[in-house]
Protein chains: 2
Amino acid sequence: MSTISKENYLKTLYTKDKIENVVVTTSQIAESLNVSNAATSEMAKKLSNQGLVNYKKYKGIELTNRGEKIALNVLRRHRLWELFLMEVLNLTWDEVHDEAELLEHQTSENLIDKIDEYLNFPEFDPHGSPIPNKKGKLPLMPKLKPLLSGEEGATYKVARVSDKNSELIKYFTKIGLTLNKKIKIIEKLTFDNSIVIELNNSSISLSEKTAQSVFLK
Amino acid sequence: MSTISKENYLKTLYTKDKIENVVVTTSQIAESLNVSNAATSEMAKKLSNQGLVNYKKYKGIELTNRGEKIALNVLRRHRLWELFLMEVLNLTWDEVHDEAELLEHQTSENLIDKIDEYLNFPEFDPHGSPIPNKKGKLPLMPKLKPLLSGEEGATYKVARVSDKNSELIKYFTKIGLTLNKKIKIIEKLTFDNSIVIELNNSSISLSEKTAQSVFLK
DNA sequence: TAATTTTGTTAGGCATGCTTAACTTTAATC
DNA sequence: GATTAAAGTTAAGCATGCCTAACAAAATTA
Ligand SMILES: [Mn+2]
Ligand SMILES: [Mn+2]
Ligand SMILES: [Mn+2]
Ligand SMILES: [Mn+2]
């Protein structure tokens with residue numbers, strides 16, 4: 001059986017495993033989900049017994065095809081909800097993630113398909129993340145450039161921001177850093193890896209931590 | 001803490017306690033929720049410790065003011081979701097209850113207020129049940145007549161149907177028995193308490209069990 | 001009123017998902 | 001390569017919410 005907890009583990013695993021392309025350790029998952037390493041080790045065993053992950057003690061976890069399918073399905077529900085809540089119900093950019101984090105586990109296939117249809121089968125959520133379609137396929141998307149690896153003097157468009165921290169999203173909204181906004185990289189400071197960008201004709205400095213959440217095209 | 005399970009108990013308690021005006025026993029709740037009597041007795045103790053119900057062993061349970069407030073809030077979320085899913089997302093009359101049964105527990109005050117606003121602060125859900133407003137107040141509503149207590153020869157309007165059984169709702173849809181539909185009571189059969197009604201110019205017989213789910217004005 | 005049936009409660013157990021503390025394996029450092 | 005530090009796992013225990021079986025109270029019937 002897939003439970004709320006299992007869905008959250010699988011989804012987290014997917015974003016590490018398939019997006020960041022790293023071998024995922026139990027403690028990385030633990031940190032993402034704010035649970036103990038012990039909880040994650042236990043869950044790794046359970047998911048492994050159900051054939052949803054491959055897990056070798058001390059050697060990391062990776063999704064099986066079956067596990068990936070579930071993860072993509074949870075992501076689909078999450079991202080469609082986010083977009084729906086913003087577009088239809090006027091929730092704000094920083095509010096939708098936390099709501100979707102719950103709704104994603106209580107949404108039937110029938111319901112999510114209706115939402116998908118209502119939104120006319122969108123390909124990206126409000127933070128720029130791709131939405132898997134009904135079959136679990138992701139839209140084609142150009143490889144994005146992390147803000148921190150952008151070049152001084154160059155101009156880019158904001159293509160995706162991490163949605164994990166609502167305070168951060170609120171801050172982005174406040175300074176006008178939203179999706180598709182043009183930004184120019186003024187200066188990269190090597191001593192603290194912070195970065196100065198031009199945005200709406202004014203310059204603003206972002207810490208390394210903050211800048212990590214922004215991706216460009 | 002209010003959990004999903006507790007919300008379901010309180011909501012069930014409310015509909016028995018305040019709607020049917022009976023002293024509610026643990027086994028009635030157990031039956032409604034499809035759990036054992038034992039589970040309900042335990043839960044009664046927990047809810048009592050939290051001041052959400054008054055519970056005397058062997059003497060039944062009733063909601064306190066605090067418990068009633070929570071129950072009304074769950075009902076509000078449930079009924080607004082039902083209406084929203086029908087009106088906006090084109091789910092059918094028989095689908096919305098089961099979806100709402102889950103969504104009602106994962107919906108922030110902020111989100112439900114947006115839904116309320118989107119629907120323009122409706123007073124009744126798709127099955128004719130009243131929707132508590134943000135303050136927990138129910139709309140004024142005329143006292144409804146159970147179909148089984150209607151008079152032979154008289155004509156009524158369907159004002160509410162129970163939404164608990166989706167198969168039943170599907171059947172109602174099929175025979176054209178929907179909200180606000182006019183029906184005439186042709187005959188009440190005393191040997192099995194079934195009832196024959198006229199609906200869309202044809203007559204149809206409803207068993208006692210089925211007729212219990214229909215209320216008139 | 002006493003016996004019996006029905007209703008409701010308690011006891012003991014189990015599954016899930018978490019915790020902290022103790023332990024083991026792996027990686028880093030000398 | 002041995003020692004130490006870091007990362008990861010296991011053990012023991014707790015909370016929630018459910019179950020069945022045994023028991024107790026209340027209602028029914030004789
Ligand atoms: Mn999100
Ligand atoms: Mn979630
Ligand atoms: Mn309902
Ligand atoms: Mn529910």
Side-chain angles (χ1 to χ4, degrees), chain A residues 1-14 16-17 20 22-63 66-67 70-71 74 98 101-102 104-106, chain B residues 1-14 16-17 20 22-63 66-67 70-71 74 98 101-102 104-106:
Chain A
M1 262 299 293
S2 225
T3 63
I4 293 177
S5 205
K6 279 173 190 161
E7 287 189 347
N8 283 330
Y9 278 94
L10 292 173
K11 190 183 63 166
T12 303
L13 199 44
Y14 180 91
K16 304 266 179 206
D17 185 355
E20 298 173 18
V22 288
V23 174
V24 185
T25 62
T26 45
S27 25
Q28 285 172 56
I29 302 287
E31 187 178 356
S32 283
L33 290 174
N34 276 306
V35 296
S36 66
N37 287 2
T40 308
S41 281
E42 273 182 13
M43 187 56 90
K45 269 191 263 173
K46 285 181 209 160
L47 293 173
S48 177
N49 288 336
Q50 287 182 68
L52 302 175
V53 304
N54 294 318
Y55 170 54
K56 287 250 163 132
K57 276 205 279 183
Y58 299 100
K59 300 297 181 194
I61 322 173
E62 54 175 18
L63 287 168
R66 278 185 54 216
I70 295 176
V74 181
D98 290 347
E101 198 57 57
L102 302 177
E104 65 187 1
H105 309 291
Q106 313 287 182
Chain B
M1 261 301 293
S2 224
T3 63
I4 293 177
S5 204
K6 279 173 189 161
E7 287 189 346
N8 283 331
Y9 279 93
L10 292 173
K11 189 183 64 167
T12 303
L13 200 43
Y14 180 92
K16 302 266 179 206
D17 185 356
E20 298 174 19
V22 289
V23 175
V24 184
T25 62
T26 45
S27 27
Q28 284 171 57
I29 303 287
E31 187 179 356
S32 284
L33 291 174
N34 276 305
V35 295
S36 67
N37 287 3
T40 307
S41 282
E42 273 182 15
M43 186 57 89
K45 270 192 262 175
K46 285 181 208 160
L47 293 172
S48 177
N49 288 336
Q50 288 182 69
L52 301 176
V53 305
N54 293 319
Y55 170 54
K56 287 251 163 135
K57 276 204 281 183
Y58 299 100
K59 300 298 182 194
I61 323 172
E62 56 175 18
L63 287 168
R66 280 184 53 217
I70 295 176
V74 181
D98 290 347
E101 198 58 57
L102 302 178
E104 66 187 0
H105 310 291
Q106 314 287 185

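The figures that follow rest on heavy atoms only: side chains count, while hydrogens, waters and symmetry mates do not. To find a chain, count down the sequence lines: A is the first, B the second, and so on, and within it residues start at 1.
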Can you list the residues that meet the salt bridge (charged side-chain N to carboxylate O under 4.0 Å, His left out) rule with [X], with sequence neighbours excluded?
X        : result
A:Glu7   : A:Arg77
A:Glu101 : A:Lys11
B:Glu42  : none

Nucleotide [N], atom [atom2] - distance to [atom1] of [X] in whole Å:
X       : N      : atom1 : atom2 : answer
A:Asn34 : C:dT20 : CG    : P     : 12 Å
A:Ile4  : D:dG17 : CD1   : P     : 12 Å
B:Leu10 : D:dG17 : CG    : P     : 11 Å
B:Asn37 : D:dC18 : CG    : P     : 13 Å
B:Ile61 : C:dT9  : CD1   : C1'   : 12 Å
A:Lys56 : C:dT26 : NZ    : P     : 12 Å
A:Tyr58 : C:dT24 : OH    : C1'   : 4 Å
B:Glu31 : C:dT7  : CD    : C1'   : 13 Å

A:Glu31: which residues meet the side chain to side chain contact (heavy atoms under 4.5 Å, CB included) condition with it, sequence neighbours left out?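 Listed in chain order: nothing, the list is empty.
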List for me each residue that meets side chain to side chain contact (heavy atoms under 4.5 Å, CB included) alongside A:Glu62, sequence neighbours excluded, and say none if there are none.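 A:Asp17, A:Asn54.
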For the side chain of A:Ala38, starting at C-beta, report the closest nucleotide among D:dC18, D:dT10, C:dT9.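 Looking only at side-chain atoms, A:Ala38 lies closest to D:dT10.
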Residue mapping more 5' on DNA chain C - nearest nucleotide basis, A:Ser5 or B:Lys57: B:Lys57
Using a 4.0 Å heavy-atom cut-off across all strands, classify A:Thr26 as base, sugar-phosphate, or nothing. sugar-phosphate
Quick one: are B:His105 and B:Asn8 in side-chain contact, heavy atoms under 4.5 Å? yes
At less than 4.0 Å, is any side-chain N or O atom of [X] found next to OP1 or OP2 of [N]? Yes or no.
X       : N      : value
A:Lys6  : C:dT16 : no
A:Ser36 : C:dT20 : no
B:Lys59 : D:dA26 : yes
B:Tyr55 : C:dT9  : yes
A:Tyr9  : C:dC18 : yes

To the nearest 0.5 Å, atom OG1 of A:Thr12 lies from atom CG of A:Leu33 at 4.0 Å
Interface with DNA chain D, restricted to residues 39-51 of chain A and to heavy atoms under 4.0 Å: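 Nucleic-acid contacts, sorted: A:Ser41, A:Glu42, A:Lys45.
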